[in-house]
Amino acid sequence: MIAEVAVNRPINKIFDYYIPDNLIKYIKIGQRVKISFANRKTIGFVVALKEKSEFEKLSSLEGIVDIRAIYSKSLLKLAQKVASYYYCSWGQMLEAGVPFALKTKKSIIKNFEKIDIDMADISAKVEQGKFKDILCSFYNSKDKVNYYKKIIKETINNKKKILLLCPDAFSVECLKRMFLEDLNDELVTFSSQQSQKINKENLEKLYSNNASIIIGTRSCVFLDIINLGLIILEQEESEFYKREDSPRYDARQAALFRAQANNITLLRVSLSPSLKTYYQVENNSITAEKGSGIKPKVTNYQLIDLNAEEDITTRKKFISYRLQSALKKCLDNKKQAVIVFNRRGSASIMKCQSCKEVLKCPRCETILSYHYDKAQAVCHQCNYTQSVPKMCPNCNKAYIKFYGYGTQKLESNLAYMFPEARIERLDIDEASKIKDRFKIIDKYNKGKIDFLIGTQILGEAIDFTNTNCLATLSLESLINQNDFRGLEKSFSFMFRLLNEYYSTSKEPNFLIQTFLSDLKALKFLEANDYKSFLALELNERKALKLPPYSSLSKIHFRSTNTTKVQKASRDFIKRINELNAKDLIMNPDDIDEVEVYKQRGSFAVELDIKAKDLKIVKSALDTILTDYKVPSQVLMVVELEAV
DNA sequence: AGCACGCCGACT
DNA sequence: GTCGGCGTGCTC
């Protein structure tokens, strides 16, 4: 017998392997197998079995990795579809979908006699149902979770299973906690932050058909689930659904393909739907369903315009008088406050007083931030860390001076202002692990913290009941000028926070302290009118022909060799230009305008391909990438639909 | 992706 | 003379 094997290489080809007699009775489609490929030992995926091969000089399989097939036939098909959509090989996509529990290479099985689980063929059963694509929005996470519980029970009653996809490991843990009481026996969770032991136990539980709700991150969209009846996308607006490295697929797109193939419902859930989804609702490709709950009214809203604030010393401390008095009132009344500030560290810039040289990351060329807890300069891009030289390393004439604010500086300023207050920070420096994040959140929820300073990692687990002050100082840092989606992202975050806060706080005060006080969008925040905000933003995009009124994809080239990235990207531009494709905009379109930048110690180029719709971009990429070979030592990442 | 093969330039 | 650059082709 012959196995058709897909390998984790950028090769659009399937390779035949002879199955040795002793393995024939164990081999299954969807299993991983140990093979020798191009003189190297590697792992491949069995995508089909057959009696004969056209190829004459076949090698034999060297072993079977999985007892149970990790992919059903329909999942293999799904992976193939997603692979061709995102321009990677079948094998690369299958590799990206391997369950967390099976990712170690230790799982190679030596003893083939102890096989007792054999469920691989059960999922051949085809579901009868109807495909639907629905957006469901809520004002707060409590309403959302109650709705989840209701729809999960309904689905379970129909003897179907639910795949609940989360953007990150933190959300997986949040939902797990919320479901634990009611649904513990039915629940399994998967994430890279969970221990390997738990991931394994849960996979075992899923495979032995003892789980009805499967909660997990991105790659779980490829989990083999028998009788899947519903896919939920939690926080559908989150960018974390997109994989950062190649294959740069979007789990939301994969989930859509899966729902379509299985004739089931894809439920997109959000407290602040993305502009793209909202646009699709407007154009009737997604159905909007009204979530339960009442829209909270915004009261005691204060916009603190830093341009108008008179006291310079206060401004220097970055805490305005009005914020200071609101915090004092909180403390006096034994109430809590949450202060949102999105910049980590203490100083955000370090500059020589003489030559004006700024300390930069040698790997990324980004500006380093100072973190006083470590007493080190840190790159927020790649985590590069160095000590701060006393004298300027460039001119050796003067001291390095610290400018700008971060959460650590804010914390120390608040501690100076309110020595009696219990202040803590919730940022990646303070809580890099999810357990630590929950420790801080639980402490706050128990009333053991007066002021909590948090970055955007402030999740949905915070209980605002006793919080009488929510302040944000983050508007300017959230609105990233380099990204036209900065406004959407920052306001989506603010609306989410605002609605959660006003739904739970008994005596809410909301303060926005900013220099950007005349932003139009702020009015919609005060009115809690997210829909009008989206409409405003859509108008802006329409005028500038930006997505969703156009389709923007990116081609990334990376290498440790500058000339090689430059050459590769120039060659790519030439190929695009030779197509003479109508309505296709390449940026840059001139080979002399290629800009190489530093990223984590290597060199990178980013090319934009823009058109009226995705079809035009895809047809150009189809023609170029079919016979395209990425030059050696260069990494190419196709980022389809970059926004 | 890696690696081998093969064809041209600039060096001990 | 040969060492080494990288274009092309192959991997069951």
Side-chain angles (χ1 to χ4, degrees), chain A residues 1-24 26-65 71 76 79-80 82-84 86-98 103 105 243-249 555-575 578 591 594 596 600 602-605 621 624-639:
Chain A
M1 246 215 316
I2 310 294
E4 290 185 23
V5 177
V7 287
N8 178 22
R9 296 280 148 82
I11 310 164
N12 285 322
K13 231 178 171 183
I14 298 301
F15 298 90
D16 292 351
Y17 282 86
Y18 180 76
I19 307 164
D21 290 345
N22 64 327
L23 295 184
I24 282 182
Y26 303 114
I27 200 93
K28 291 184 205 102
I29 291 173
Q31 272 173 331
R32 286 177 299 173
V33 286
K34 226 181 144 187
I35 51 165
S36 180
F37 181 75
N39 280 325
R40 284 167 156 253
K41 306 265 180 245
T42 188
I43 283 169
F45 299 83
V46 179
V47 295
L49 297 170
K50 59 187 178 187
E51 289 303 323
K52 273 182 188 171
S53 175
E54 306 274 291
F55 201 81
E56 279 169 13
K57 286 175 269 172
L58 284 189
S59 288
S60 286
L61 292 177
E62 288 172 19
I64 297 174
V65 180
Y71 293 113
L76 286 173
Q80 192 180 32
V82 178
S84 83
Y86 286 102
Y87 301 99
C88 72
S89 74
W90 198 357
Q92 286 175 303
M93 195 50 77
L94 290 169
E95 181 65 34
V98 173
K103 267 180 185 155
K105 282 175 184 171
R243 200 174 196 254
E244 292 126 62
D245 28 40
S246 191
R248 209 158 167 152
Y249 75 97
I555 311 290
H556 303 262
F557 288 101
R558 225 180 317 163
S559 173
T560 47
N561 184 316
T562 335
T563 42
K564 277 182 179 157
V565 257
Q566 195 168 47
K567 224 176 167 183
S569 39
R570 283 181 170 180
D571 172 67
F572 198 90
I573 293 170
K574 269 186 205 158
R575 282 166 192 257
E578 277 164 16
I591 56 160
V594 169
V596 181
R600 288 175 180 264
S602 54
F603 300 95
V605 170
L621 289 177
I624 289 174
L625 295 177
T626 39
D627 63 335
Y628 179 75
K629 189 182 171 357
V630 184
S632 64
Q633 292 172 59
V634 177
L635 184 83
M636 181 182 77
V637 180
V638 179
E639 189 187 1

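Every heavy atom of this structure was used, including side-chain atoms; hydrogens, water molecules and symmetry mates were not.
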Self-check item: Set of ring pair (Phe, Tyr, Trp, His ring centres under 6.0 Å) partners for Y249(A), sequence neighbours left out
Solution: F222(A)

Exercise. Using heavy atoms and a sub-4.0 Å distance, could you list which residues of residues 3-12 of chain A are near DNA chain B? By number, please.
Key: R9(A), P10(A), I11(A)

Quiz item: Could you give the CD-to-P distance, from Q633(A) to dC6(C), as a whole number of Å?
Solution: 8 Å

Quiz item: F37(A) has an atom CZ; how far is it from atom P of dA1(B), in whole Å?
Solution: 13 Å

Quiz item: Which whole-number value in Å describes the distance from E95(A) CD to dA1(B) C1'?
Solution: 13 Å

Quiz item: With a 4.0 Å cut-off on heavy atoms, is S36(A) in touch with a base, just the backbone sugar-phosphate, or nothing at all?
Solution: sugar-phosphate

Quiz prompt | Interatomic distance, K41(A) NZ vs dC12(C) C1' [rounded to whole Å] | solution = 14 Å

Quiz item: Side-chain contact, heavy-atom cut-off 4.5 Å: T42(A) with R9(A)?
Solution: yes

Self-check item: Nucleic acid contacts of residues 13-21 of chain A, taken as heavy-atom distances under 4.0 Å to DNA chain C
Solution: K13(A), F15(A), D16(A), Y17(A)

Quiz prompt | With sequence neighbours excluded, residues passing ring pair (Phe, Tyr, Trp, His ring centres under 6.0 Å) with F37(A) | solution = F15(A)

Practice problem: Decide yes or no for V47(A) and Y71(A): does some side-chain heavy atom of the first lie under 4.5 Å from some side-chain heavy atom of the second? | Solution: no

Practice problem: Answer yes or no: is there a donor N or O on one side and an acceptor on the other, between the side chain of S559(A) and the main chain of Q633(A), under 3.5 Å? | Solution: yes

Practice problem: Indicate yes or no for a side-chain donor-acceptor contact from Y17(A) to the backbone of V33(A) under 3.5 Å, with no hydrogens or angles considered. | Solution: no

Practice problem: Check every atom of dC6(C), dG7(C), dA1(B) against the side chain of V630(A) and return the nucleotide holding the closest atom. | Solution: dA1(B)

Quiz item: Between I43(A) and N8(A), is any pair of side-chain heavy atoms under 4.5 Å apart?
Solution: no

Practice problem: Answer with base, sugar-phosphate or nothing: what part of the nucleic acid does V33(A) contact at a heavy-atom distance below 4.0 Å? | Solution: nothing

Quiz item: Is it true that a side-chain atom of Q31(A) and a backbone atom of Y26(A) form a donor plus acceptor pair closer than 3.5 Å?
Solution: yes

Quiz prompt | Any donor-acceptor N/O pair, R570(A) side chain to I591(A) backbone, under 3.5 Å | solution = yes

Quiz item: For the side chain of S246(A) and the backbone of V637(A), is there at least one donor-acceptor N/O pair under 3.5 Å apart?
Solution: no

Quiz item: Where along nucleotides 3-9 of chain B does protein come under 4.0 Å, by heavy atom, of base (B) or sugar-phosphate alone (S), with - for untouched nucleotides?
Solution: S------

Quiz item: Which residues satisfy the ring pair (Phe, Tyr, Trp, His ring centres under 6.0 Å) test with F557(A), sequence neighbours excluded?
Solution: F572(A)

